[in-house]
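Some notes on the structure that comes next.
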Amino acid sequence: MDRMRELVDQLNDHAYRYYVLDDPIISDREYDALYDELTRLERETGRVLDDSPTRRVGDTVLPEFESVRHNGPLHSLDKAKTFDEVRAWAARAEKLVSAYEKESGESLPPITYVLEYKFDGLTINLLYEDGMLVRGASRGNGIVGENITPQVRTINSVPLSI
């Protein structure tokens, strides 16, 4: 339990430095190793501390930006580091689609996948109304993000209208 407390405190400090202060002092790989150790200990003990970062999706919206509540939650994908973990994730996705089809009576096209390396901090939620871009927001904590519309409008690959 002492090691779990130590890991929670370290990870929360590192998350604060990364998300709020924009001043990380360890690499993503080092953070992930600590996080993975914590999740392993939580599984083994069946205990999750109240302030464990495993209970969170993202972190605090910076006060310099306007807060934006997303229309729906932006969930974080599980990390998959092996082919078996990717296969397990795909099996869960197939099961969800099958359940939806059964419940709705709707037939969906087969699922196809594209795998890419994960880039932290690149999620942008775009909102279009009547075909026009009206808002770009960061992922934030998955429920509330930061309004970054002026910055998004400068990205040439983001269409201003659809």
Side-chain angles (χ1 to χ4, degrees), residues 1-104 108-127 136-148 151-152 155:
M1 197 60 67
D2 289 340
R3 178 63 179 156
M4 285 176 62
R5 174 81 264 151
E6 179 184 337
L7 288 167
V8 166
D9 291 343
Q10 284 180 14
L11 289 165
N12 285 338
D13 180 60
H14 289 305
Y16 179 78
R17 293 183 67 86
Y18 181 88
Y19 290 107
V20 178
L21 301 179
D22 193 23
D23 184 30
I25 59 172
I26 64 172
S27 69
D28 288 350
R29 179 176 287 203
E30 291 168 306
Y31 181 92
D32 288 346
L34 294 171
Y35 190 92
D36 291 346
E37 181 183 355
L38 176 61
T39 58
R40 181 184 54 76
L41 289 171
E42 289 176 346
R43 275 193 313 274
E44 289 173 2
T45 64
R47 179 127 161 48
V48 178
L49 299 178
D50 289 340
D51 59 341
S52 174
T54 63
R55 294 182 180 261
R56 302 190 86 126
V57 174
D59 219 305
T60 309
V61 173
L62 295 175
E64 293 84 11
F65 289 90
E66 172 192 354
S67 294
V68 171
R69 180 166 286 281
H70 298 300
N71 291 347
L74 304 181
H75 295 289
S76 180
L77 297 176
D78 291 337
K79 293 180 185 177
K81 297 178 182 172
T82 68
F83 285 119
D84 286 340
E85 290 171 336
V86 171
R87 286 185 196 101
W89 180 86
R92 289 191 304 272
E94 295 283 350
K95 187 175 178 180
L96 287 171
V97 168
S98 178
Y100 173 81
E101 288 178 328
K102 189 174 190 177
E103 182 179 312
S104 69
L108 299 176
I111 296 176
T112 59
Y113 300 96
V114 175
L115 298 179
E116 297 179 347
Y117 286 107
K118 180 179 180 287
F119 294 101
D120 284 335
L122 291 182
T123 299
I124 298 174
N125 181 267
L126 302 175
L127 177 63
S138 68
R139 182 175 178 281
N141 64 12
I143 304 297
V144 176
E146 298 162 337
N147 184 346
I148 55 171
Q151 293 83 356
V152 167
I155 302 171

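Heavy-atom basis, side chains included; hydrogens, waters and symmetry copies ignored.
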Given the rule in the side-chain hydrogen bond (donor to acceptor under 3.5 Å, both in side chains) test, do E146 and S67 qualify, once you have shown the distances and angles that lead to the verdict? CA-CA 5 Å; E146 298 162 337; S67 294; over 6 Å; no
Might you work through the side-chain contact (heavy atoms from CB on, under 4.5 Å) test for E42 and M4, ending with a clear yes or no? CA-CA 8 Å; E42 289 176 346; M4 285 176 62; 3.7 Å; yes
Please evaluate residues I25 and Y18 with respect to the criterion side-chain contact (heavy atoms from CB on, under 4.5 Å), reporting the C-alpha separation (whole Å), side-chain torsions for both, the decisive distance (0.1 Å), and the verdict. CA-CA 8 Å; I25 59 172; Y18 181 88; over 6 Å; no
Verify side-chain contact (heavy atoms from CB on, under 4.5 Å) between M1 and L49, making sure each step is shown before the conclusion. CA-CA 9 Å; M1 197 60 67; L49 299 178; 4.1 Å; yes
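No side-chain heavy atom of V68 sits under 4.5 Å from any side-chain heavy atom of V144. Side-chain contact between S52 and L38 is present, with at least one heavy-atom pair separated by less than 4.5 Å.
By the ring-ring contact (aromatic ring centres under 6.0 Å, His included) test, F83 is found to be paired with no residue, residues two or more places apart in sequence or in another chain being considered. Applying the salt bridge (Lys or Arg N to Asp or Glu O under 4.0 Å) criterion to E37, with sequence neighbours excluded, gives R3. A search for side chain to side chain contact (heavy atoms under 4.5 Å, CB included) contacts involving E103 returns nothing, not counting sequence neighbours.
Side-chain atoms of S98 never come within 3.5 Å of backbone atoms of E94 as a donor-acceptor pair (strictly under, hydrogens ignored). Between the side chain of H70 and the backbone N or O of R139, at least one donor-acceptor pair lies under 3.5 Å. Listed for the S104 side chain is a donor-acceptor partner under 3.5 Å among the backbone atoms of Y100. In this structure, D22 contributes its side chain and R17 its backbone to no donor-acceptor pair below 3.5 Å.
Taking CZ of R87 as the reference point, atom OG1 of T82 lies at 8.0 Å (rounded to 0.5 Å). A distance of 11.5 Å separates CD in E101 from CG in L96, rounded to the nearest 0.5 Å.
Within a 6.0 Å sphere centred on CZ of R29, other residues, nucleotides and ligands contribute 12 heavy atoms or fewer.
Between N12 and D51, the shortest heavy-atom distance links the atoms ND2-O, 2.9 Å. In terms of heavy atoms, P53 sits closest to Y31 at CB-OH, 4.3 Å. In terms of heavy atoms, L34 sits closest to I26 at CD1-CD1, 4.2 Å.
With respect to the salt-bridge test (charged N to carboxylate O, under 4.0 angstrom), the residues D9 and R5 qualify.
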